[in-house]
Amino acid sequence: MSETVDPWVSEKQAAGAAVALVVEAGMRIGIGSGSTVTHFISALARRHLQIRCVAASPESDRLAREAGLHVKPFDVLDRLDLAVDGADQVASDLWLVKGGGGAHTREKVVAAAAERFVVVVSSNKLVEGLKPPVPLEILEFGLGATLRELGELGPVETRPGPTTPDGHRLVDYLGPVDDPAVLAAFFHTIPGVVSHGLFAPRLVSEVIIGRRYGATERWQKE
């Protein structure tokens, strides 16, 4: 049986390599998760810089260590110079949806701790407006009550399989995402919701989009 070929792999490689070039020796780097970030890790390791890193997911931690990067616990580094992560959706106003892999809470903590947060994506992640699903990390305690309250706004679906890196349940909100700011505020009112996958533009410094033939495009705040 032949392996499935990712049609966007060259764009992911281009985006990952482009952001690796902005890293300087001595920096503290936050590493997110996802397929595009794996290309960033590889490109960064090839530069052989003296840097310190924190990883937002166990998988990224493993990949970074195997690549030879110096990974530290996040209780050792409390501030970062640069954080790099992928996204499931990127709107033109720089609202993001993240959390397809379930690590969005940690990814948000890493992004918020960085002086500069750069998002790397292939062009298929660009959207005119955000749409479901929006991943949610919720407590196991009171699960039914939390799901009932979320269901008052729109349908939700509990994911089977592994929990989040911190042992919480993963749920996908499947309702409308007409106004991300309003929806994010609603999620914050529900005590059982640990974090949601909506990332506000205030967190994002720039987006690097991989294009065909190794080209990249940059979106930045106006």
Side-chain angles (χ1 to χ4, degrees), residues 30-37 53-64 71-80 83-91 94-114 117-119 121 125 130-204:
I31 301 174
S33 59
S35 56
T36 307
V37 170
C53 305
V54 297
S57 72
E59 178 65 8
S60 293
D61 185 289
R62 181 186 66 81
L63 291 172
V71 183
K72 305 286 289 184
F74 205 11
D75 58 358
V76 174
L77 300 178
D78 64 343
R79 294 184 181 181
L80 303 172
V84 179
D85 207 347
D88 302 315
Q89 301 177 47
V90 179
L94 299 189
W95 270 97
L96 313 176
V97 169
K98 291 180 48 54
H104 53 280
T105 301
R106 289 188 176 195
E107 291 167 345
K108 193 173 288 185
V109 172
V110 169
F117 175 43
V118 179
V119 178
V121 293
K125 303 299 185 181
L130 300 185
K131 54 183 181 287
V134 176
L136 304 171
E137 181 169 354
I138 65 176
L139 293 174
E140 191 74 36
F141 180 79
L143 176 64
T146 302
L147 292 175
R148 175 183 52 77
E149 195 164 357
L150 286 169
E152 294 176 2
L153 186 64
V156 293
E157 184 175 271
T158 303
R159 291 194 208 176
T163 59
T164 69
D166 296 297
H168 300 133
R169 186 65 70 93
L170 274 170
V171 171
D172 287 314
Y173 167 78
L174 303 176
V177 193
D178 299 326
D179 188 328
V182 171
L183 183 59
F186 174 79
F187 291 146
H188 282 303
T189 67
I190 302 176
V193 175
V194 177
S195 182
H196 55 78
L198 294 168
F199 281 54
R202 63 178 178 79
L203 284 174
V204 182

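- In this structure, D172 contributes its side chain and R159 its backbone to no donor-acceptor pair below 3.5 Å.
- The aromatic rings of H196 and H188 stand perpendicular to each other, their planes meeting at an angle above 60°, with 30° marking the opposite boundary.
- Minimum interatomic distance between A185 and T189 (heavy atoms only, all atoms of both residues): O-CG2, 3.2 Å.
- One finds the CG atom of L174 at 11.5 Å from the CG atom of L153 (value rounded to the nearest 0.5 Å).
- Looking at Q89, its side chain does come within 3.5 Å of a backbone N or O of K131 through a donor-acceptor pair.
- Between A111 and A83, the closest heavy-atom pair is CA-CB, 4.2 Å.
- Minimum interatomic distance between T163 and G167 (heavy atoms only, all atoms of both residues): OG1-CA, 3.5 Å.
- Listed here is the closest heavy atom pair of E140 and R169: OE2-NH2, 2.7 Å.
- Side chain of K108 to backbone of L198: a donor-acceptor contact under 3.5 angstrom is found.
- Rounding to the nearest 0.5 Å gives a distance of 7.0 Å between CD1 of I31 and OG of S60.
- The two residues E149 and F186 have their closest heavy-atom pair at O-CZ, 3.9 Å.
- Here the CG atom belonging to D85 is positioned 13.0 Å from the CZ atom belonging to R106, to the nearest 0.5 angstrom.
- Ring pair F187/Y173 is perpendicular by interplanar angle, where above 60° counts as perpendicular and below 30° as parallel.
- Using a 4.5 Å cut-off on side-chain heavy atoms (C-beta onward), V97 and P133 make no contact.
- The two residues D78 and A113 have their closest heavy-atom pair at O-CB, 4.1 Å.
- A donor-acceptor distance shorter than 3.5 angstrom exists from the side chain of K98 to the backbone of G86, with no hydrogens or angles considered.
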Residue pair F74, V109: steps toward the side-chain contact (heavy atoms from CB on, under 4.5 Å) verdict: CA-CA 10 Å; F74 205 11; V109 172; 3.8 Å; yes
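- Among T146, I138, L136, the one residue that satisfies the side chain to side chain contact (heavy atoms under 4.5 Å, CB included) test with I190 is T146.
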Any chance you could lay out the side-chain contact (heavy atoms from CB on, under 4.5 Å) test for L150 and V193, step after step, and finish with the verdict? CA-CA 9 Å; L150 286 169; V193 175; 4.2 Å; yes
Let's go through T164 and T105 carefully: what are the C-alpha distance in whole Å and the side-chain angles of both, what is the deciding distance for side-chain contact (heavy atoms from CB on, under 4.5 Å) to 0.1 Å, and is it a yes or a no? CA-CA 9 Å; T164 69; T105 301; over 6 Å; no
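- E107 and S33 form a side-chain donor-acceptor contact under 3.5 Å, judged by distance and modelled atom types alone.
- Atom CG of L96 sits about 9.5 Å away from atom CG of D88, to the nearest 0.5 Å.
- Under the salt bridge (charged side-chain N to carboxylate O under 4.0 Å, His left out) criterion, E157 pairs with no residue at all, not counting sequence neighbours.
- Taken to the nearest 0.5 Å, the CG atom of L63 stands 9.0 Å off from the CG atom of D61.
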